[in-house]
Amino acid sequence: MDRSFDGRTRWSTALRHGVPAALLVLISARPEFRTPWSSSSLAILPLAKLSYRETEAMIRDIASRELPEAMLAQLIAKTDGVPLFVEELTKSIAENRSHGDFGTTFEIPATLQATLLTRLDRLAPIRQIIQTAALLGRLFDADLLTKVTQRDADTVERALRDLTEVGLIYPRRDRDRESYEFKHALIQDAAIGTLLRNQRAELHRRIGAALAELRAEAVDRNPELLAHHLQEGGDFAGALDHWQRAGNAALARAATQEAVSHFGGAIACSRRLDQVSGGAERMSRLHLSMANALMQAEGYRSDRLGNTLEDARLAAADTPLVELQCDVALSLAAYFYATGRNRDYLTLVEEQLASCSDRLQPAYLAGLWATKGIAHSNRGELPLAAEALRKALDLIDQVDPAHRISFAGADQRVSAQEYFTETLTLMGFFDAAVETKKQVIRSFDQSDRPFELAWHHLTQCELCALLGQHEELLEHATKIVAICERHGYMARRSSGIRWRGYARSHLGELDGGIEDVRESMLLWRGQGVVFHTTEKACALCDLLMRAGRIEEASRILDDVDALAFGTDEASHQAECIRLRGQIAAGRNDLTGAVHLFEKAIATSKRQGARLFELRASTQLTLALAWQGRVRDGGTRLRTLIDSFETKLPIVDLVNAREALERCSNYSG
């Protein structure tokens, strides 16, 4: 699964963990904001309100005439040192006094909103013009304003000049047209607030018509320009179409937060249309589009994503469209994996297979079997995972490549083969896994799909790591990182950085490799998801143990245990136990280490994870040798090594044989 994070995610990661370059980042926020970052390089500079003297100086500078001392004191007290309030309230008082001296009896508005409304009340002759301008937006064009107000150009020009003179708007430089901007959003909001509901709807309808006539090209590029006005004007069908187009366009340019907003507008319009024109199907597809945007914008574990997918499921259930229901089930997979609810997902997908497998096209049926296999893998049920993924691949072979569906951001064959080969590797079928990986590599089409190209290099990385080809591994990992940085594939970038770190650690750069693998885990962990997190944590802990950083590894395992608590994520449970055993051995608790290694072996056998059994058995043999029980461990490990039917130089088998050799030296 991949998620393309926006810039805020990258800044958040950089600020949380520090940045290596000399960089100044200036962020403004309201007082209630609490920073989630802790870094010695961060400094918080609270901006205090204006002091009494600063407020007085600002008032005297804005007022065109000297104010009575009593009025000056009231202004200072009322504005409370808020610069915008100081400016607007002083201008309001000055405008009133320009029509006559009210002395100290003039009533000063208590709030900024009241101040702005008071100023707008004195602009009654041109009220419609400023109201229409406010609906056009914070930044608006004079020709659109003239069209919508149905006034002559001279009248509108004079009104804009008056509004500029009183400081409510100011002109913007634009080579193509005459544009203006409200000085502050609060002024725009106050102007809109003076409109009655029916007046507002009528103006929105006029604005929509004007945009369609005068800004056709801009609306085509940015459909949201028109969608809002159509919605507010009551044309929900037209607004829905434009919101949907805007959402799709935003996703295409990776503007995920915008896409979420646009699809939200489409869903709101669809609800207003109710069941007209296939409402349940339309609503389900809209929720699926929203879910796709939310996965990228908020991650797979977002509560909002869960609610959206549930809405999509309920809407799809009200239709006879089995493929739509299947689309929902496939989209739900990522959310259930991320929250560690694999058993719940298996219940859902098995119900789907039982109820409509005879009515589904092979591509959709394959998708259900593939997601079922991944859920079994997440639970540590490897034989069941392999069976389901093999069925998925057999079905995909019946599908024309042009009619395959996408899963995990790639062609369904690419993702299903990837998970299948990894399952074979964990089960210890090394020859079959290697041959399948080589088939994937040989059959890969590098045409114009950068995300699938990243998958291709990922498969190469796994093959190189399995065979100990570390220089080639570094080359492929570096290519993954480059592709992902160019296209914004944050999750896949995490995998590339992990393999880069693994390669570096075996090429003499242990510390650099550790930092790479740590960054990989933090990038993935930032999504708050359960699946694959234990795998990445174990990869980091393995390197930390090699570096003798025992306590650091222990803290990471504690954090992962807390994340997975209450879930059924168990894909790397045996590895976590094995690493606990290594930590115990590092603390000279050999009895505890032996117990944990035995527990890891039992867990591996139960899950069918012979690779993990081999690793734990290798560590057990060494621990027993340190206790003087060389023969006990050596005999078991030799039997296990001999049970693997391969002549390939599998790294873990090489390590196991080296451990046997060391143990024989102990006995000598």
Exercise. So, the side chain of E418 versus the backbone of W455: is there a donor-acceptor pair under 3.5 Å, distance only?
Worked result: no
Exercise. Is the closest basic N to carboxylate O distance between D542 and R615 below 4.0 Å?
Worked result: no
Exercise. Between R245 and D220, is any pair of side-chain heavy atoms under 4.5 Å apart?
Worked result: yes
For this session: Answer yes when E569 and R341 have at least one side-chain N-carboxylate O distance shorter than 4.0 Å, and no when they do not.
Result: no
Exercise. Would you call Q325 and T319 a side-chain contact if the rule is heavy atoms closer than 4.5 Å?
Worked result: yes
Exercise. Between E535 and R498, is a salt bridge (Lys or Arg N to Asp or Glu O under 4.0 Å) present by the stated rule, with each step listed?
Worked result: CA-CA 11 Å; E535 174 189 356; R498 173 209 169 174; 2.9 Å; yes
Exercise. With no hydrogens and no angle check, is any side-chain donor or acceptor of S284 less than 3.5 Å from a backbone partner on A280?
Worked result: no
For this session: Could you tell me whether R343 and D568 make a salt bridge, using a distance below 4.0 angstrom between a side-chain N and a carboxylate O?
Result: no
Exercise. How far does CG of L365 sit from CG of D394, to the nearest 0.5 angstrom?
Worked result: 11.5 Å
For this session: May I ask you to check whether H228 and H204 place their ring centres under 6.0 Å from each other?
Result: yes
Problem set entry | Distance (rounded to the nearest 0.5 Å) between R493 CZ and R486 CZ | 13.5 Å
For this session: Side-chain contact test, heavy atoms from C-beta onward, threshold under 4.5 Å: evaluate it for R313 versus E310 and give yes or no.
Result: yes
Exercise. Looking at side-chain heavy atoms only, is the closest gap between I556 and M521 below 4.5 Å?
Worked result: yes
Problem set entry | Over-ring placement of R578 relative to F612, 6.0 Å and 45° cut-offs | no
Exercise. Would you say the side chains of W243 and E224 form a donor-acceptor pair under 3.5 Å?
Worked result: no
Problem set entry | Sidechain N-carboxylate O distance under 4.0 Å for D652, R610 | no
Exercise. Would you call E422 and K437 a salt bridge, using N to O less than 4.0 angstrom?
Worked result: yes
Exercise. Are more than 12 heavy atoms from other residues, nucleotides or ligands located less than 6.0 Å from atom CG of D303?
Worked result: no
Exercise. Is the closest basic N to carboxylate O distance between E519 and R525 below 4.0 Å?
Worked result: no
Exercise. Between F531 and W524, what is the ring plane arrangement, given parallel below 30°, perpendicular above 60°, and tilted in between?
Worked result: perpendicular
Exercise. Under the side chain to side chain contact (heavy atoms under 4.5 Å, CB included) criterion, do K372 and L353 qualify, and how do the steps go?
Worked result: CA-CA 10 Å; K372 184 178 188 295; L353 286 167; 4.0 Å; yes
Exercise. Just by distance, do the side chain of Y337 and the backbone of T371 share a donor-acceptor pair under 3.5 Å?
Worked result: yes
For this session: Give, for atom CD1 of I650 and atom CG of D431, the distance between the pair rounded to the nearest 0.5 Å.
Result: 7.0 Å
Exercise. In Å, rounded to the nearest 0.5 Å, how long is the span from CG of L330 to CD1 of I405?
Worked result: 5.0 Å
For this session: Tell me, with the steps shown, if K438 and E435 meet salt bridge (Lys or Arg N to Asp or Glu O under 4.0 Å).
Result: CA-CA 5 Å; K438 287 181 177 179; E435 180 55 33; 5.7 Å; no
For this session: List the steps and the verdict of side chain to side chain contact (heavy atoms under 4.5 Å, CB included) for L614 and F644.
Result: CA-CA 10 Å; L614 177 63; F644 287 94; 4.2 Å; yes
Problem set entry | N/O donor-acceptor pair under 3.5 Å between R301 side chain and V529 backbone | no
Exercise. Any donor-acceptor pair under 3.5 Å linking the side chain of S270 with the backbone of I267?
Worked result: no
Seminar exercise, completed: Taken to the nearest 0.5 Å, the spacing of Q607 CD from H376 NE2 works out to 13.5 Å
